[in-house]
Protein chains: 4
Amino acid sequence: MRGVNKVILIGNLGRDPDVQFLEGNIAVAKFSLATTETFKDRAGKLISQTEWHTVVLWRGLAELAQKYLHKGSLVYIEGRLRTRSWEDKEGNKKFATEVVGDNLVMLDKRMDVNNGDHPVSHHHTTGPATTPTGAPHHGEGYAGLDIPPMSEPADDLPF
Amino acid sequence: MRGVNKVILIGNLGRDPDVQFLEGNIAVAKFSLATTETFKDRAGKLISQTEWHTVVLWRGLAELAQKYLHKGSLVYIEGRLRTRSWEDKEGNKKFATEVVGDNLVMLDKRMDVNNGDHPVSHHHTTGPATTPTGAPHHGEGYAGLDIPPMSEPADDLPF
Amino acid sequence: MRGVNKVILIGNLGRDPDVQFLEGNIAVAKFSLATTETFKDRAGKLISQTEWHTVVLWRGLAELAQKYLHKGSLVYIEGRLRTRSWEDKEGNKKFATEVVGDNLVMLDKRMDVNNGDHPVSHHHTTGPATTPTGAPHHGEGYAGLDIPPMSEPADDLPF
Amino acid sequence: MRGVNKVILIGNLGRDPDVQFLEGNIAVAKFSLATTETFKDRAGKLISQTEWHTVVLWRGLAELAQKYLHKGSLVYIEGRLRTRSWEDKEGNKKFATEVVGDNLVMLDKRMDVNNGDHPVSHHHTTGPATTPTGAPHHGEGYAGLDIPPMSEPADDLPF
DNA sequence: TTTT
DNA sequence: TTTT
């Protein structure tokens, strides 16, 4: 390793992840992530600025994304920049810079603590078009899953 | 700037922040932060390991901590390492390494949800006069505050 | 601040920085930075992969870049991602993702410089003719400058 | 992974690394790293502040440290914080916070290329117990050397 | 286009 | 204890 190429993002998914399976059953997930920063401009006025990133996850992380992430999810992504270039059908050179994620932390609050009900109501379904069908995003919550999102700790802190 | 000394943490407060005001009315907040990582040991077994950090915030960030953070809060902290040393009354040399925060992002979900019970367990009591009942989570909490914690975005995403 | 958008790069400049001054005498520097990572592919073969980034620096950092950076310089850049979009003259939508630097650390060894003119002399000749004088590393180079680059110690290196 | 505990350092080694081999021939390297930051105090005066960190590397990274790092080396370290506690012989509770490195980038410029074949002469051997021959560094361990092996058992390592 |  |  002779250089460093590291990206750290915390933001919300703009859409449900798009997950595909390549040959060999290798999962690839792709989604847009919005990071919003607020700062003061030169005049001292508070400015809020949103930047959209394309995030790509592979294999196990892609499967996690498929299982647990959806539009609006808040995530921490650690990864690296990768710029791809190609020519479109008109022969124009195109570039796309993506963040290839090496690490993913789900920051949404665990919706159901101890009595996990109404998971659906937390999914912030945003319209009639949202996965009314087989997509197993709803009706389960994180209960019983191996890698639940972070949540407030129980009262067993050593202090 | 000739070197780099950077720390990035995401974790939960073990206790409400301890906030003090130095002369000149400079606020200093201090709290323990637990970061939990899970990984596989050499045998492939999933291990969960919690590390406790002492976080120190100054001035504006300390005041944010006083207003918004409490035991259990989930936060992103960016800062730097600082090790202090001193001798205790018995003359023993002591060391303490702290993370001095330069940046703070509150990752808790906005307050609680619709049916949020146990408000007391979420504290937020920033003084004796504050919401002793734990009644309505709506219309109070972060609403209208300048720097609310992150939450799932509204439906105005450009996708 | 409600999200995180952070990039950390260590790499070499592909060209001398392009520095311009906007109205108000605001400096803007732009350069390509190559980060090279080596890793093992699935077959265990060592792969070296270079990624090119567009880095933009403003104001004081741009002026530092103009003074001290040149083709081949090794730098640490901390910044954030920003994607700009526009339409070219043919009406094609274009995107460009840049790293806007908030922090810069120069990692080059103090090569020589005696009288630091003609940046070409900084070009890091890497053959056996390096450091033609064998003169001391101290008391010359960037002496008197405000922010000298980091450099190696005076002793030998294990390479 | 449910939290984040990340440290990024760029600095110089204060001493040659101390490398030991635990049972199973597992290498552990330990060294102090100085990170120096300069900034302006409230009065606008330029302040330079050095912080010392204890860095611990395991296995392959430890062997790299043994081969290539020495007093004064400039390195990039990415790792995580770990605080150990114990009682000394007087029964005083002691704490030590270390940075366990997961990634290492050597930033020293290669001084001589193509003929770099005298690693021993660069090793700044600090005592008679140190491999004076230039023989292989592996397969020997530190058995019988002055410095007792670290007390941590080879098993149950928290990584 | 850099660097090793 | 480093580095400049």
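Within every chain, numbering begins at 1; the chains are lettered A, B, ... in the order of the sequence lines, protein sequences first and strands thereafter.
Atom pair C:Met106:CE and E:dT2:P shows a separation of 22 Å (rounding to whole Å applied). In this structure, the CD atom of C:Glu51 is 16 Å from the P atom of E:dT2, given to the nearest Å. In this structure, C:His70 atom NE2 and E:dT2 atom P are separated by 14 Å, rounded to whole Å. When rounded to the nearest whole Å, the span between CG of D:Asp16 and P of F:dT3 equals 11 Å. Rounded to whole Å, the distance from CG on D:Leu107 to P on E:dT4 is 12 Å. Whole-Å rounding puts the D:Leu74 CG to F:dT4 C1' distance at 12 Å. Atom CG of D:Asp108 is separated from atom C1' of F:dT3 by 11 Å (rounded to the nearest Å). Whole-Å rounding puts the D:Tyr68 OH to E:dT4 C1' distance at 12 Å.
Nearest to the side chain of D:Ala34, among F:dT2, F:dT3, E:dT2, sits F:dT2. The D:Ser32 side chain lies nearest to F:dT1 when the options are E:dT2, F:dT1, F:dT2. Counting only heavy atoms from C-beta on, C:Asn12 has its side chain closest to E:dT2 among E:dT2, F:dT2, E:dT4. The listed nucleotides are F:dT3, E:dT3, F:dT2; the one nearest the side chain of D:Lys71 is F:dT2.
A donor-acceptor contact under 3.5 Å is formed by the side chain of D:Thr50 with the base of F:dT2.
Each of C:Leu107, C:Leu104, C:Val105, C:Asp108 was scored for a side-chain contact (heavy atoms from CB on, under 4.5 Å) with C:Val75, with one residue passing: C:Leu104. With C:Thr35 as the fixed residue, the side-chain hydrogen bond (donor to acceptor under 3.5 Å, both in side chains) test singles out one of C:Gln49, C:His53, C:Glu51: C:His53.
Residue D:Trp52 and nucleotide F:dT1 are classified as a stacked aromatic pair, their ring centres being separated by less than 5.5 Å at an interplanar angle below 30°.
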Donor-acceptor pairs are to be reported for all side-chain atoms of residues 86-95 of chain A against protein atoms at under 3.5 Å, with residues two or more places apart or in another chain.
unit_1, atom_1, unit_2, atom_2, d
A:Asp88, OD1, A:Glu90, N, 3.0
A:Asp88, OD1, A:Gly91, N, 3.0
A:Asp88, OD1, A:Asn92, N, 2.8
A:Asp88, OD2, A:Asn92, ND2, 3.3
A:Lys94, NZ, C:Lys93, O, 3.3

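Contact check on A:Lys6 versus A:Glu78 returns a salt bridge, with a Lys/Arg side-chain nitrogen under 4.0 Å from an Asp/Glu carboxylate oxygen.
In this view, B:Trp58 and B:Leu22, B:Ile26, B:Val28, B:Val56, B:Val100 satisfy the side-chain contact (heavy atoms from CB on, under 4.5 Å) rule, not counting sequence neighbours.
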